[in-house]
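Below: one structure, written as structure tokens.
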Amino acid sequence: MSRNESCDDVKVITSDMKETKARYEAPPNRGGAHTLTEQHSYDEMEDVAQLNANGEISELSVIAEGEERTTWFVWLLVACTSISGLLFGYDTGVISGALVTIGSDLGPAALSAGQQELITSGTTLGALIGGLVAGALSDYVGRKPVLAIADAIFIGGAVGQAVSHTVWAMIGCRFLVGIGVGLASCVAPLYIQELSPTRLRGRMVVLNVVMITGGQVVAYGIGAAFEHMRGGWRWMVGLGAVPAGTQFIVLFFLPESPRILIRRGNMDAAKAILAKVYGHATPKQVDLKLVALRSAVRRSIEIANSTTFLQRVVMILQNPVNRRALIISCGLQAYQQLSGFNTLMYYSATLFKEIGFDQPTAVGLIVSGTNFVFTLFALKYIDIIGRRKIMIFSAPGMVIGLVVASISFYYLTKRSGGELVEGTQYSRTWSAIVLLSMLFYVASYATGLGNVPWQQAELFGLEVRGIGTSAATFMNWAMNLLIGATYLSLMNRITPAGAFGFYAGLCLLGWVFCLFCFPETAGLSLEEVQMVFQHGFGIKESQRLRQEKKELLQREKAETIHETEKIKKV
């Protein structure tokens, strides 16, 4: 189909929808009820919406009053759901401070490098398992119940860590916490995306990432507060149960995803939620939204209801559209972890202590604070600039930061044979350059790579969305496990300079992957994103589709203004 033909189709579809909408919104006959013909217009609307969903533009066929404004309900819902991000971030950050203060509390006089790796990677292994089952499980029981299960597991694991007295008990509880983190890290972004207006979908998911980085800041702050208290690490890990318990209670008051409700055939409940999401729309506009959404996901629902779980797993691998979405989502999640960022979160206090900083936990707080601040930048601009552009422009900053860190470590450790030896007096100048390069790296990471991969759910159709997000989250935690479990060994074997140079090379490869495989999805509805992958990875196709959608929206606004002016003159 040519571009001009596509635009003509969009005009016809939009015109048909307007006519159908006008018939539906016409006042009833004198008897107070719609005639059979008028009642049938609801079915006509669904037919038009179905045609529209299979075409180029689906969402703009129904413009709700005040759609550009976000209701308090949406913000409150996302804020409550983002407590999952707080748990994720808190657990990531708290272990860094805990490892340097545990001392002999778990039996040995001091934790060996292997024991530190096991304690750290225990959570990651649990998260890997939790992330693998989370999406598929949420397709069957709903998004909300999975988040509640995650909270319950996290509470048990946090309390268990606080009362542990052996290394293996600590590892076991870290594993339990990891399962909760894995469940939440997969389902929370998915749940948020399915409840967010398209215009702000990216920003809403980034709010969850803001909570992750905020959780890391809180964790480092609590770590600094309890650093010199005997057994203070127990308070550090145990306090993670507080936000988990808070969210568990709040979940009783949150709605289920409207797409899940439509899949179950519960149209009244789905309509009620849409009415809250589009709080400024009229009841009839909400009806139109519901019809358009039901039509858009109808094929996905039919597939999901007529196939088994294993058949959908095969479908996501064999279907070219699903396979491309899977490659991109898994590739971005692998990139996020192979960049080495989480090793900095896990071991930053240990690293800065070794290079001569007197308050390593406080320095770690500076790093996590930088992460938080630049995530706020992404929160503001991810839907304005776009996912692809943010990734393309921020990734080189990560490479530069890691290369400078590698060079700095080379000169810093020259006198100690390339290795970090605790107690050695290192150059304060080179130590300061290491810190600055890490801050530059973290700022670049937080602007792009820390946020964009978690937009993963928007890449998949509803019939495989749970499976796809599970696979991508599994990839994230698998690479996290690989990096977390090998970081200290890598530092010992190829020196800190070599390790950070290695991470710089991986970041460069990830940037190349984004250049050739990652299309722009900002401004496209969840159902429209599927059109992008029809022929290849869709980088040019997404640009064309977004441009046509933008032009259509501008025409809609111009026509609305023109009609308003005509009414005023009359």
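These figures come from a predicted structure and were not determined experimentally. Heads up: numbering here begins at 1 and tracks the sequence.
Ion pair K540/E520 not flagged as a salt bridge, since none of the NZ, NE, NH1 or NH2 atoms sits closer than 4.0 Å to an Asp/Glu carboxylate oxygen. The existence of a salt bridge linking E194 and R143 is confirmed by a sub-4.0 Å separation between a basic side-chain nitrogen and an acidic carboxylate oxygen. Ion pairing between a basic and an acidic side chain is recognised when a charged N comes within 4.0 Å of a carboxylate O; D139 and R312 show no such pairing.
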**Request:** Evaluate the side-chain contact (heavy atoms from CB on, under 4.5 Å) criterion for residues T375 and N371: first the C-alpha distance (whole Å), next the side-chain angles of each, then the deciding distance (0.1 Å), finally the verdict.
**Result:** CA-CA 6 Å; T375 302; N371 188 26; 3.8 Å; yes

**Prompt:** For T521 and R546, what are the C-alpha separation, side-chain angles and deciding distance, and is it a side-chain contact (heavy atoms from CB on, under 4.5 Å)?
**Reply:** CA-CA 8 Å; T521 56; R546 291 175 71 245; over 6 Å; no

**Message:** Apply side-chain contact (heavy atoms from CB on, under 4.5 Å) to residues I260 and Y191 and explain how you reach the verdict.
**Reply:** CA-CA 10 Å; I260 293 294; Y191 179 62; over 6 Å; no

**Message:** For a side-chain contact (heavy atoms from CB on, under 4.5 Å) check, start with the C-alpha distance between L183 and V187, then their side-chain angles and the critical distance, and finish with the verdict.
**Reply:** CA-CA 6 Å; L183 291 171; V187 176; 5.7 Å; no

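No side-chain donor from either of Q318 and R323 sits under 3.5 Å from a side-chain acceptor of the other. T81 and Q247 form no side-chain donor-acceptor contact under 3.5 Å, judged by distance and modelled atom types alone. Between the side chains of W477 and S185, at least one donor-acceptor pair of N or O atoms lies under 3.5 Å. Side chains of T469 and Q456: a donor-acceptor N/O pair is absent below 3.5 angstrom, by distance only.
Between the CD1 atom of I327 and the CZ atom of R324 there is a distance of 8.5 Å, given to the nearest 0.5 Å. How far CD1 of I149 is from CD1 of I179: 11.5 Å, rounded to the nearest 0.5 Å. Atoms CG and CH2, from N208 and W454 in turn, are 8.5 Å apart once rounded to the nearest 0.5 Å. Atom CG of L137 sits about 10.0 Å away from atom SG of C186, to the nearest 0.5 Å. Considering OG1 of T473 and CG of L128, their distance stands at 10.0 Å, rounded to 0.5 Å. In this structure, NZ on K276 lies 5.0 Å from CZ on F73, to the nearest 0.5 angstrom.
A donor-acceptor distance shorter than 3.5 angstrom exists from the side chain of K144 to the backbone of L251, with no hydrogens or angles considered. The closest donor-acceptor contact from the side chain of D383 to the backbone of R203 lies under 3.5 Å.
Looking only at side-chain heavy atoms (C-beta outward), I328 and F533 come within less than 4.5 Å of each other. Y90 places none of its side-chain heavy atoms less than 4.5 Å from the side chain of I212. A 4.5 Å side-chain heavy-atom check between Q193 and Q455 finds at least one atom pair inside the cut-off. Counting heavy atoms from C-beta on, the side chains of D91 and T123 come closer than 4.5 Å. At a threshold of 4.5 Å between non-hydrogen side-chain atoms, the residues W75 and M204 count as touching. A heavy-atom distance below 4.5 Å is found between the side chains of Y503 and L490. A heavy-atom distance below 4.5 Å is not found between the side chains of P519 and R388. Contact of the S329 side chain with the F460 side chain is registered, since non-hydrogen atoms from C-beta on lie closer than 4.5 Å.
The heavy-atom pair separating L195 from P258 by the smallest distance is CD2-CD, 3.3 Å. Considering every non-hydrogen atom in both C173 and G157, the closest pair reads CB-O, 3.7 Å. Shown here for M398 and C507, the closest heavy-atom pair between the two residues is CE-SG, 3.6 Å. Between G182 and A134, the shortest heavy-atom distance links the atoms O-CB, 4.3 Å. G386 and A522 get closest at one heavy-atom pair: CA-CB, 4.0 Å. Of all the heavy atoms in A378 and T447, the pair that sits closest is CB-O, 3.5 Å.
For the side chain to side chain contact (heavy atoms under 4.5 Å, CB included) with Q337, the qualifying choice from L506, L481, N476 is N476, the only one to do so.
Summarising the local packing, OH of Y381 is surrounded by 12 or fewer heavy atoms from other residues, nucleotides or ligands at distances under 6.0 Å. Atom CZ of F502 sits in a sparse spot, with 12 or fewer heavy atoms from other residues, nucleotides or ligands closer than 6.0 Å.
Note on ring orientation: taking the six-membered ring where Trp is involved, the planes of F341 and Y445 are parallel (angle under 30°, cut-offs 30° and 60°).
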